Amino acid sequence: MTVARRANALRTAVRRSAHRYRDAASEALDGGPNEIDQHHVGYDAQHQTRDLVGIGLYTPVEAGRLLRIAPAKIARWLRGHEANGKRYEPLWQPQVDLGEEGIFLGFRDLQEVRVASTFIAQGLSAQRVRQAIELARDLVGDARPLSTARFRSDGRTVFLQVVEEDGQTKLIDLFRKQFAFRDILERSLTNLDYDEAGIPAVWWPLGRTKSVKIDPARSFGQPIEAETAVPVEALVTAVEAEGSPEAAARVWDVPVRAVKRALAFQREMDARHAA
C-alpha cells in the first residue's frame with residue numbers, strides 16, 4: 001500500500017467516525033430510544049478521530065510479510081470464519097475499521113498477532129487464544145493485552161487456566177513453568193521498545209543493527225530508516241528513479257549508508273513475499 005493510499009484509508013476512517021457522531025447526535029436531538037448526552041457524543045467522536053493518528057495501518061499482506069505469517073491466516077483470525085457449519089469469532093477487533101474496504105491492522109494488532117501466532121504454534125487452538133485474550137483484558141486492563149509489558153510478568157496464570165480446561169497435559173506442564181512461559185513471550189516479542197506505560201511503541205523488524213524501525217507515530221507506521229527517519233519506500237523509490245544509491249542519497253540529502261540499509265530491508269521483504 002502506497003503512502004497516498006494509506007492516507008486515503010485513514011481519511012475514510014475519519015469520515016466513518018464523523019458519520020457515527022452525526023447519527024448518534026441526531027438520534028439524541030430527536031429524543032430517540034438511545035438518548036445521549038451531546039457533550040459525550042462529541043467527545044467520543046473526536047476521541048475516535050484522534051485515535052486514528054499514530055496507530056499505523058497495514059494490510060494483511062503487509063503484515064504477513066513483516067511477521068512471516070500467511071496473510072490469509074491473519075485475515076481469518078481478525079475477521080472470523082465459518083467451518084463445518086460453525087461460526088468462529090475473531091480473536092479480537094482490529095484497531096482500524098474501514099468497513100467494506102477490508103481488514104486492516106494497526107501497530108498494536110501486529111504485536112498481538114506475533115504473540116497469538118506463537119501460542120498457536122505451541123498447540124493452543126485459535127479459539128482458546130481468543131478466550132485467553134478475553135481473560136487477559138481484565139487482568140491487564142488493555143484491549144490488546146498479549147504484547148504488553150505487564151502480560152509478560154502476569155499472563156502465565158491466564159493461559160494455564162485456559163489449557164487446564166482442555167486437559168492438555170503437555171501445555172499444562174509448559175505453562176506451569178514461569179521461565180518457559182516468559183521464554184515464549186520473549187521469543188515472540190523480540191526487538192520491541194515499550195513506552196513508560198508498558199505499551200509497545202517501536203518495533204525493529206530485522207533487529208536494531210539493521211537500522212530500520214516501525215513507529216506508529218511516524219509515516220503511518222511504515223518502515224523508516226532509523227538514522228534519517230526517511231521512509232524505506234521513499235529511499236528505494238529514489239534509487240529506482242535516480243539509478244543508484246549515491247544519487248538517491250543526494251536527492252534526499254542523507255548518507256549513502258542509510259539508502260543501502262533501506263535497500264537491504266526492502267530486499268528482505270521482497271524475498272519473504274516471493275517465498
Side-chain angles (χ1 to χ4, degrees), residues 1-17 46-69 71 74-75 77-78 91-98 101-117 133 137 140-152 185 188-208 210-236 261-262 265-266 269:
M1 178 187 288
T2 64
V3 171
R5 187 181 170 206
R6 198 172 306 280
N8 287 334
L10 282 173
R11 282 193 287 270
T12 298
V14 170
R15 287 196 298 271
R16 286 173 62 84
S17 290
Q46 292 170 12
H47 183 67
Q48 289 170 347
T49 302
R50 279 201 308 273
D51 282 350
L52 296 174
V53 178
I55 64 173
L57 190 67
Y58 314 89
T59 65
V61 170
E62 291 171 327
R65 194 175 305 165
L66 288 165
L67 300 171
R68 286 187 159 177
I69 300 173
I74 294 173
W77 288 344
L78 296 183
L91 299 192
W92 66 87
Q93 294 300 319
Q95 287 178 279
V96 181
D97 178 10
L98 298 184
E101 293 288 327
I103 291 290
F104 290 86
L105 294 81
F107 177 79
R108 293 290 308 280
D109 294 320
L110 284 183
Q111 307 313 317
E112 292 293 288
V113 168
R114 294 176 73 189
V115 181
S117 66
I133 291 171
R137 285 189 184 123
V140 176
D142 191 287
R144 292 166 182 80
L146 300 185
S147 57
T148 62
R150 183 178 175 189
F151 190 78
R152 288 190 178 200
L185 283 179
S188 63
L189 291 174
T190 55
N191 304 313
L192 190 62
D193 296 343
Y194 289 85
D195 64 16
E196 294 181 356
I199 303 300
V202 175
W203 178 34
W204 305 79
L206 301 183
R208 292 172 178 80
K210 301 300 182 182
S211 196
V212 171
K213 66 181 181 179
I214 291 178
D215 180 344
R218 311 184 75 166
S219 299
F220 302 110
Q222 289 306 287
I224 60 176
E225 199 284 317
E227 181 183 0
T228 61
V230 177
V232 166
E233 180 183 359
L235 294 175
V236 171
R261 285 193 289 250
F265 180 87
Q266 190 59 51
M269 294 300 106

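The model shown is predicted, which means the values in this text are computed figures rather than measured ones.
One finds the CD1 atom of I74 at 9.0 Å from the CG atom of L66 (value rounded to the nearest 0.5 Å). L185 contributes atom CG, which lies 12.0 Å from atom OG1 of T190 (distance to the nearest 0.5 angstrom). Taking CG of L57 as the reference point, atom CD of Q95 lies at 10.0 Å (rounded to 0.5 Å). Of the inter-residue distances, the one linking L110 atom CG with I214 atom CD1 reads 6.5 Å to the nearest 0.5 angstrom. One distance of note links CD of E225 with NZ of K213; it measures 9.5 Å at 0.5 Å rounding.
Residues satisfying the salt bridge (charged side-chain N to carboxylate O under 4.0 Å, His left out) criterion with R114, sequence neighbours excluded, are absent altogether. A234 pairs by the side-chain contact (heavy atoms from CB on, under 4.5 Å) definition with V230, P231, W252, not counting sequence neighbours. For the salt bridge (charged side-chain N to carboxylate O under 4.0 Å, His left out) test, residues two or more places apart in sequence or in another chain that qualify with R108 are D142. Every side-chain hydrogen bond (donor to acceptor under 3.5 Å, both in side chains) that S147 has, sequence neighbours left out, goes to E112. Scanning for side-chain hydrogen bond (donor to acceptor under 3.5 Å, both in side chains) contacts around S188 gives an empty result, with sequence neighbours left out. Judged as a salt bridge (charged side-chain N to carboxylate O under 4.0 Å, His left out), and not counting sequence neighbours, the contacts of R68 are E268. Residues satisfying the side-chain hydrogen bond (donor to acceptor under 3.5 Å, both in side chains) criterion with R150, sequence neighbours excluded, are D154. Residues forming a side-chain contact (heavy atoms from CB on, under 4.5 Å) with V212 (at least two apart in sequence, or on another chain): P223, V232, F265. Remark: R218 pairs with no residue by the side-chain hydrogen bond (donor to acceptor under 3.5 Å, both in side chains) rule, at least two apart or across chains.
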Item to check | side-chain contact (heavy atoms from CB on, under 4.5 Å) between L78 and F104, intermediate numbers included | outcome: CA-CA 9 Å; L78 296 183; F104 290 86; over 6 Å; no

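A donor-acceptor distance shorter than 3.5 angstrom exists from the side chain of E62 to the backbone of T59, with no hydrogens or angles considered. Looking only at distances, no side-chain donor or acceptor of Y58 sits under 3.5 Å from a matching main-chain atom of D109. Panel note: side chain Q111, backbone L189; no donor-acceptor pair is recorded below 3.5 Å.
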Please tabulate, one pair per line, all N/O donor-acceptor pairs under 3.5 Å involving side-chain atoms of residues 199-208, not counting sequence neighbours.
from: W204; atom 1: NE1; to: D193; atom 2: OD2; distance (Å): 3.0
from: R208; atom 1: NH2; to: D193; atom 2: OD1; distance (Å): 2.3

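Closest of all the heavy-atom pairs between A116 and L91 is CB-CD1, 4.4 Å.
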